[in-house]
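What follows is one structure encoded as C-alpha cells, with my remarks underneath.
Everything numeric in this text was worked out from a predicted model, so none of it was measured.
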Amino acid sequence: MTPPTVEQRNPYKGLPPRPWIRLRLKEKDGTVHEFELLADTGNPFAIVISHAAMANLKLKAALDVETNFGPLQGAWVRLQMPELGLDSEVIGYASDAVASSTQTSSPDFQGLAGLPLLRLLEYGGDVDWFWLQQAKKP
C-alpha cells in the first residue's frame with residue numbers, strides 16, 4: 001500500500017496574490033525557525049532572508065554574490081522539513097533589500113524561496129493554491 005502524500009498547500013497571499021511556502025531552518029543549537037517565503041521560480045538562489053535572521057542560522061560562510069539588489073551574503077543553512085524529505089544543508093543568502101521587497105506584496109513574507117530549493121521538491125499550483133510535496137523517487 002502506498003503511504004499518503006504529505007503536502008504543504010498554501011492559498012496565494014498578498015497584492016498581487018503570490019505563491020509562498022512555509023520553510024523551517026535549524027540553528028546549530030537545534031532551535032528551529034519557521035519562515036513564510038515568497039516562492040519565485042525566477043530566483044536563482046535557494047533562499048534569501050534578512051541579515052538578522054541569517055545571523056542565527058549561518059552554519060558556515062559561502063561565497064557572496066552581487067545582484068541588482070546589491071550584494072547577497074552567502075551562508076550554509078540547514079533545512080529542517082523531514083515531512084517533505086528535506087533535512088540537509090543548502091546555500092542561502094542574506095539581503096535586507098530582498099527580504100523587504102517581498103513585503104510589498106505581503107507583510108508576512110520574510111524573504112524568497114528560489115528555484116534551487118523548489119527543485120528539491122515537487123511543486124505546482126492552480127488558481128487558488130500553491131503546493132509542495134516530497135519529490136517522488138524514480
Side-chain angles (χ1 to χ4, degrees):
M1 181 173 189
T2 305
T5 300
V6 175
E7 181 178 88
Q8 183 184 125
R9 184 172 282 269
N10 300 310
Y12 294 99
K13 183 189 286 197
L15 282 171
R18 306 292 297 270
W20 63 280
I21 67 169
R22 185 171 290 109
L23 183 72
R24 289 189 309 277
L25 299 170
K26 186 176 181 179
E27 289 185 38
K28 285 182 186 179
D29 71 3
T31 304
V32 176
H33 298 271
E34 191 168 276
F35 294 86
E36 289 187 11
L37 301 177
L38 189 144
D40 181 358
T41 58
N43 177 3
F45 309 111
I47 65 164
V48 183
I49 57 177
S50 72
H51 285 279
M54 185 62 81
N56 296 322
L57 298 164
K58 180 179 179 178
L59 302 175
K60 56 190 168 201
L63 291 177
D64 297 345
V65 296
E66 190 63 41
T67 72
N68 58 324
F69 276 93
L72 303 183
Q73 184 179 38
W76 285 90
V77 296
R78 179 142 205 114
L79 293 172
Q80 183 66 42
M81 299 183 68
E83 74 280 7
L84 293 175
L86 296 178
D87 188 2
S88 61
E89 293 180 11
V90 298
I91 297 176
Y93 293 90
S95 168
D96 293 336
V98 171
S100 118
S101 75
T102 64
Q103 294 178 334
T104 61
S105 289
S106 171
D108 297 337
F109 295 148
Q110 298 162 284
L112 288 175
L115 189 57
L117 173 75
L118 296 170
R119 289 188 64 203
L120 297 174
L121 302 158
E122 289 187 13
Y123 66 91
D126 60 22
V127 70
D128 296 315
W129 300 90
F130 184 78
W131 55 264
L132 300 168
Q133 64 186 30
Q134 186 172 358
K136 293 176 182 63
K137 306 286 187 230

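V90 is listed as a side-chain neighbour of L120, based on a closest heavy-atom distance under 4.5 Å. In this structure, Q110 and T102 have side chains that are not in contact, with every pair of non-hydrogen atoms separated by 4.5 Å or more. Considering only heavy atoms from C-beta on, D64 stays 4.5 Å or farther from P71 through its side chain.
Both Y123 and I47 sit in one connected hydrophobic cluster of ILVMFWY residues. Membership requires side-chain heavy atoms under 4.5 Å apart, directly or through other members. By the criterion of side-chain heavy atoms lying less than 4.5 angstrom apart, applied directly or through intervening Ile, Leu, Val, Met, Phe, Trp or Tyr residues, I91 is not grouped with L57; the two fall into different hydrophobic clusters.
Here the shortest heavy-atom pairing between G125 and Y12 reads CA-OH, 3.8 Å. Between A75 and K58 the shortest heavy-atom distance is CB-CG, 3.5 Å. Across all non-hydrogen atoms, the minimal contact from M54 to V77 is SD-CG1, 3.5 Å. Closest of all the heavy-atom pairs between L132 and L84 is O-CD2, 4.2 Å. Annotation for P116 and P44: closest pair CG-O, 3.3 Å, computed over non-hydrogen atoms. Between D108 and E36, the closest heavy-atom pair is CB-OE1, 3.3 Å.
No donor-acceptor pair under 3.5 Å is formed between the side chain of Q73 and the backbone N or O of H51. No donor-acceptor pair closer than 3.5 Å links the side chain of D87 to the backbone N or O of Q80. At least one donor-acceptor pair closer than 3.5 Å links the side chain of Q8 to the backbone N or O of R22. Without hydrogens or angle criteria, Q103 side chain to F109 main chain gives a donor-acceptor distance under 3.5 Å.
Note that the CG atom of D40 and the CG atom of L38 stand 6.5 Å from one another [nearest 0.5 Å]. The structure places CZ of F130 at 11.0 Å from CZ of R9, a figure rounded to the nearest 0.5 Å. Summarising the geometry, atom CG belonging to D128 is positioned 13.0 Å from atom CG belonging to N10; distances are rounded to the nearest 0.5 Å. Atom CG in L25 sits 9.0 Å away from atom CE in M81 (nearest 0.5 Å). Note that CH2 of W20 is 13.5 Å distant from OG of S105, once rounded to the nearest 0.5 Å.
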- Message: For a side-chain contact (heavy atoms from CB on, under 4.5 Å) check, start with the C-alpha distance between V65 and F45, then their side-chain angles and the critical distance, and finish with the verdict.
- Response: CA-CA 10 Å; V65 296; F45 309 111; 3.7 Å; yes

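Screening L117, L37, V98 for a side-chain contact (heavy atoms from CB on, under 4.5 Å) involving L112 leaves a single residue, V98.
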